[in-house]
Amino acid sequence: MQDRQREAATPLGFWMGYSTAERDRRWNAVRANAAKEGLDCVWVPLGNGIDGRYMTQFRAASIVLPTDGRDPIVITDRGAYNNWVPEPRQTGREWVQPMTAALADFGMERARIGVVGLKGGMTSHVRVPDGVVNHSAYAEVTRQFPNATFVDATEVVGMSRYVKGDEEIANLRRAAEISEAGIDELIEVARPGVDEAQVWARVMARMLELGSEYYTLALYTDPFGTPGRRKTNPPIGERLQPNAYVMNEVSGVWGAQVAQEDQPVLLGPIPDEFKPVVELQREVFEAGLERMKPGTRLGEFIDFINGFGDSRGGKTLVLMHGRGYGDDGPLLTPLARGEDLRELRFEKGNAFVWKPYGMSVDEKLQFVWGGDVVVTDHGGEVLFKRQHGLVSIT
């Protein structure tokens with residue numbers, strides 16, 4: 001334990017931010033996407049913190065980026081600055097006036113303005129169909145520009161986020177290492193009779209010690225063979241029971257890149273009837289990696305995964321979503337089958353959490369395992385070192 005304490009006290013390093021080359025890559029990609037949509041500028045308004053941070057590295061920011069090559073105007077909190085935007089326009093509590101002024105200074109009174117985060121998209125903000133912008137601030141800005149046209153441009157930035165740069169992938173790889181350290185902590189501490197809140201706290205503390213930003217752990221701790229309850233806060237007053245099936249989503253964050261690893265743990269012996277399900281999940285996981293090649297349509301991928309188990313004595317279902325900056329897409333689950341995403345194609349530099357279902361024919365036994373992968377020229381590459389399987393603690 002003393003060795004682990006000394007290790008925890010030694011930082012892995014400090015993330016110093018993205019380079020200006022990465023800034024230019026993002027801004028140029030967004031400009032190019034906006035030009036294809038016939039937009040005069042892209043506006044990330046108050047409320048869209050994810051895209052504001054993506055475009056500026058500020059945690060609270062609004063940005064107006066003209067498509068004609070002019071430098072953007074960035075609005076952020078008083079006292080904030082960084083190497084990307086050394087001279088932002090700073091504000092306190094009032095955002096309508098500086099956002100209005102930014103659009104006016106660029107002459108956007110009769111422009112076609114793309115609003116990012118106005119509604120959910122395919123490749124970003126996939127869990128918020130109603131959007132994320134601050135409504136009252138947005139409504140007042142649009143009122144002051146009666147002759148401008150405001151249209152949703154969530155995918156303009158989303159498609160830029162969809163393809164990760166080299167710096168982003170390097171940071172996602174580091175975030176995956178932190179997630180694995182969190183799983184190691186869970187395996188060390190999880191035993192029958194242990195306070196579940198202690199397990200939750202130990203895993204979170206381990207990742208924070210290693211430099212992760214805060215991103216809540218998700219735990220499922222019900223007995224094997226029963227539906228699991230999702231717990232994203234410390235489970236106060238509950239203790240792990242014998243034969244508990246501890247499923248988890250362990251998410252480390254480095255360089256604003258959110259990684260996720262899923263490693264089920266069973267506090268008991270693995271039932272013989274469950275072993276073929278675990279093996280089927282391994283097979284479909286590896287087969288999916290082979291088909292994550294640039295140019296492959298997601299529709300083809302979904303059909304392959306969902307039919308993979310039919311001739312193998314079980315069932316399989318796709319479970320995959322984008323990974324990286326925040327609410328990244330696409331989102332493919334047994335409930336959201338991606339019918340509107342079928343023509344979207346894999347591209348080199350995509351990053352996903354890949355964790356398909358392996359199931360018995362009657363679907364009573366289910367196994368989900370996986371983590372972060374990136375798309376290369378040759379298929380999906382895993383970013384973690386953990387070996388496939390169910391961890392049994394007896």
Side-chain angles (χ1 to χ4, degrees), residues 23-78 80 84-126 128-162 325-327 329 340:
R23 175 200 66 188
D24 294 343
R25 184 193 72 84
R26 294 181 186 183
W27 288 1
N28 290 335
V30 171
R31 281 196 180 100
N33 292 341
K36 292 177 184 177
E37 299 299 321
L39 300 175
D40 296 300
C41 73
V42 171
W43 173 35
V44 180
L46 178 68
N48 187 354
I50 290 176
D51 288 314
R53 189 177 181 189
Y54 177 80
M55 296 288 287
T56 70
Q57 289 199 98
F58 293 123
R59 288 184 177 272
S62 175
I63 179 173
V64 179
L65 179 71
T67 55
D68 59 12
R70 286 179 287 176
D71 289 339
I73 293 175
V74 174
I75 303 151
T76 189
D77 288 326
R78 184 178 301 145
W84 276 23
V85 190
E87 297 182 356
R89 295 186 181 183
Q90 297 175 346
T91 186
R93 298 181 178 87
E94 209 284 319
W95 286 75
V96 170
Q97 189 280 328
M99 291 192 297
T100 302
L103 290 167
D105 288 350
F106 281 131
M108 297 295 168
E109 289 83 356
R110 297 181 178 275
R112 183 175 169 84
I113 299 170
V115 185
V116 186
L118 196 57
K119 62 181 182 180
M122 292 191 304
T123 57
S124 65
H125 301 290
V126 295
V128 283
D130 295 326
V132 296
V133 303
N134 182 295
H135 173 74
S136 59
Y138 170 73
E140 179 58 24
V141 172
T142 58
R143 188 190 68 80
Q144 296 189 38
F145 286 81
N147 297 313
T149 302
F150 293 85
V151 298
D152 178 67
T154 301
E155 285 300 292
V156 167
V157 175
M159 288 304 294
S160 173
R161 287 168 49 185
Y162 184 55
Y325 214 77
D327 188 14
D340 57 338

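All heavy atoms count here, side chains included; hydrogens, waters and symmetry mates do not.
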Notebook entry, point to check: Distance under 6.0 Å and angle within 45° of the ring axis: does Arg23 meet both against Trp27?
Noted result: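 Here Arg23 passes the 6.0 Å and 45° test against Trp27.
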
Checklist line | cation_pi(Arg53, Phe58) dist<6.0 Å, angle<=45 | finding: no

Heavy-atom side-chain contact between [X] and [Y] under 4.5 Å:
| X | Y | answer |
| --- | --- | --- |
| Val30 | Met55 | yes |
| Leu103 | Glu109 | no |
| Ile75 | Pro98 | yes |
| Val128 | Asp327 | yes |
| Val96 | Val141 | yes |
| Phe106 | Trp43 | no |
| Ile113 | Val151 | no |
| Asn48 | Ile50 | yes |

Nearest 0.5 Å, please: how far is [atom2] in [Y] from [atom1] in [X]?
| X | Y | atom1 | atom2 | value |
| --- | --- | --- | --- | --- |
| Met99 | Thr91 | CE | OG1 | 9.0 Å |
| His125 | Leu118 | NE2 | CG | 10.5 Å |
| Leu65 | Arg31 | CG | CZ | 4.5 Å |

I'd like to know if the side chain of [X] reaches the main chain of [Y], judged simply by a donor and an acceptor atom lying under 3.5 Å from each other, with no hydrogens or angles considered.
| X | Y | value |
| --- | --- | --- |
| Glu37 | Val156 | no |
| Thr67 | Asp40 | yes |
| Asn134 | Gly47 | no |
| Arg26 | Ser160 | no |
| Thr76 | Ala60 | yes |

Heavy-atom closest contact ([X] atom, [Y] atom, distance):
| X | Y | result |
| --- | --- | --- |
| Cys41 | Met108 | CB-CE, 3.6 Å |
| Leu46 | Ala137 | CD2-CB, 4.3 Å |
| Ser62 | Pro45 | OG-CA, 3.8 Å |
| Tyr54 | Trp84 | O-CZ3, 3.6 Å |
| Pro72 | Pro66 | CA-CD, 4.1 Å |
| Gly329 | Val126 | CA-CG1, 3.6 Å |

Notebook entry, point to check: Is the shortest side-chain N to carboxylate O distance from Arg161 to Asp51 below 4.0 Å?
Noted result: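 Salt bridge between Arg161 and Asp51, a charged N being under 4.0 Å from a carboxylate O: yes.
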
Check: Looking at Asp105 and Arg89, does any basic side-chain N land under 4.0 Å from a carboxylate oxygen?
Finding: yes

Margin query: Within the supplied structure, the quantity of interest is the number of heavy atoms (other residues, nucleotides, ligands) at a distance under 6.0 Å from Glu94 CD; does it exceed 12?
Written below: yes

Margin query: If you count every heavy atom of other residues, nucleotides or ligands that lies below 6.0 Å from Arg110 atom CZ, does the total exceed 12?
Written below: no

Notebook entry, point to check: Are Thr154 and Ser124 close enough, and set up right, to give a side-chain contact (heavy atoms from CB on, under 4.5 Å), and what steps lead you there?
Noted result: CA-CA 7 Å; Thr154 301; Ser124 65; 3.6 Å; yes

Note to self: Does Val42 form a side-chain contact (heavy atoms from CB on, under 4.5 Å) with Val116? I'd like the steps, not just the answer.
What the structure shows: CA-CA 7 Å; Val42 171; Val116 186; 3.3 Å; yes

